[in-house]
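The structure appears below as structure tokens.
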Number of protein chains: 2
Amino acid sequence: MVDSTKDIHEPVVLDEIDRRLLEVLKSDGRISNAALAEAAGIAPSTAHVRLRSLQDRGVVTGFLTSIDQRSLGLGLQAIVGVTLRPGARQESIVRFSEEVRNLPQVLQVFFLGGTDDFIVHIAVADSSAIREFVVEHLSAQPSVASTRTSVVFDYHRNGVAASFQ
Amino acid sequence: MVDSTKDIHEPVVLDEIDRRLLEVLKSDGRISNAALAEAAGIAPSTAHVRLRSLQDRGVVTGFLTSIDQRSLGLGLQAIVGVTLRPGARQESIVRFSEEVRNLPQVLQVFFLGGTDDFIVHIAVADSSAIREFVVEHLSAQPSVASTRTSVVFDYHRNGVAASFQ
DNA sequence: TTTGAAATTATCCCTCC
DNA sequence: GGAGGGATAATTTCAAA
């Protein structure tokens with residue numbers, strides 16, 4: 001008996017074949033089923049069922065396309081660390097963070113326990129757009145105590161983690 | 001005449017159709033060519049040519065699979081900020097950073113201009129694995145002056161930026 | 001460049017091992 | 001749970017506008 005509405009995280013058991021499939025898919029999400037099957041040493045029909053199972057079990061949460069941001073006119077990336085005011089209301093923080101993560105400049109948001117309360121990874125056109133982003137969307141917020149902006153000189157990605165639920 | 005060996009970044013011109021294709025592909029890298037064509041309002045054969053062109057021009061740099069790290073037994077994510085010693089030799093920094101970004105725990109590395117010289121996004125099994133990672137792979141390095149570790153409580157991703165060449 | 005249509009492949013479901 | 005086979009549907013190429 002499997003519950004189809006799983007809001008909580010139930011343990012997932014992956015065997016060697018699953019891990020091989022994931023290893024291939026990690027860096028080639030658009031590989032054909034036939035090629036995926038061959039890479040994992042199984043029949044195409046089996047690979048097909050396996051991949052569906054990985055999606056159903058929530059192991060594979062989606063397929064993404066890596067896009068060169070410069071081509072979109074967004075040649076500059078930055079990391080902005082944000083510290084919130086100690087007295088900020090919980091509900092206003094939640095609303096604020098949801099606004100931030102839906103802004104078009106935002107690639108990723110990390111909510112942290114530590115010095116910064118969260119950090120935002122953005123891609124923008126130029127340095128004035130960074131300042132504009134920070135002033136308009138972060139500093140202007142009453143919940144925000146301070147921000148620290150760092151320009152991204154180089155960036156490397158090994159894999160893509162799923163957004164938390 | 002197009003140079004196939006483009007090491008430098010040449011300007012890319014995207015029209016409205018290209019942008020529509022990218023918007024769809026961004027969050028669904030495995031969409032079928034037929035569905036992609038319909039979403040962009042063009043013929044499947046055109047969508048096919050267009051997508052190939054986007055790849056050839058370096059706009060689309062790859063297709064990735066978003067994987068729930070918890071399923072892999074990596075239930076904890078952290079951000080580690082690293083400051084390098086002012087006197088560290090350039091070549092040792094380069095070698096070190098290349099080692100770090102190839103570690104299996106590492107999801108992303110950002111090289112920054114600012115307080116931290118770079119930050120590392122990792123996924124590990126538990127808190128002792130965080131400590132192990134920092135001690136073994138970061139603090140032990142002679143180039144490293146200090147590190148600051150923050151646990152990731154929540155994570156959200158809007159899109160995937162290409163790794164810098 | 002875009003398209004429609006043809007040739008080739010792949011997907012997907014069903015059945016059997 | 002994995003593999004085979006076959007109907008369906010997709011991708012890819014190409015000629016033409």
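Any value given below was found using the heavy atoms of this structure, including those in side chains, with hydrogens, waters and symmetry copies removed. In what follows, every chain begins at residue 1, and chains take the letters A, B, ... in the order their sequences are listed.
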Span of DNA chain D, from the first to the last nucleotide whose atoms fall under 4.0 Å of chain B heavy atoms | D:dA10 to D:dT13
If we ignore angles and hydrogens, is there a donor and acceptor under 3.5 Å between the side chains of A:Thr65 and A:Arg30?
-> no
Taken to the nearest whole Å, CG/B:Asn33 to C1'/C:dA5 is 15 Å
Looking just at side-chain N and O atoms, do B:Ser97 and B:Arg101 make a donor-acceptor pair shorter than 3.5 Å?
-> no
In Å, rounded to the nearest 0.5 Å, how long is the span from CZ of A:Arg148 to OG of A:Ser146?
-> 4.0 Å
Specify the angle, to 10°, made by the local axes at the two ends of the helix from C:dT1-D:dA17 to C:dC17-D:dG1 when five pairs are taken at each end.
-> 30°
B:Tyr155 and B:Gln77: side-chain donor and acceptor closer than 3.5 Å?
-> no
Ion pair B:Lys26/B:Glu23, N-O distance below 4.0 Å = yes
For DNA chain D, the residues among residues 34-54 of chain B that have a non-hydrogen atom under 4.0 Å from it = B:Ala34, B:Ser45, B:His48, B:Arg52
Is the closest side-chain donor-acceptor distance between B:Thr149 and B:Arg131 under 3.5 Å?
-> no
Centroid-centroid under 6.0 Å between A:Phe118 and A:Phe110 rings | no
How far apart are the closest heavy atoms of A:Pro44 and A:Asn33, and which atoms are they?
-> O-ND2, 3.0 Å
Regarding B:Thr46 and B:Arg50, is there a side-chain donor-to-acceptor distance under 3.5 Å anywhere?
-> no
Can A:Arg89 and A:Ser143 be counted as having a side-chain donor-acceptor contact under 3.5 angstrom?
-> no
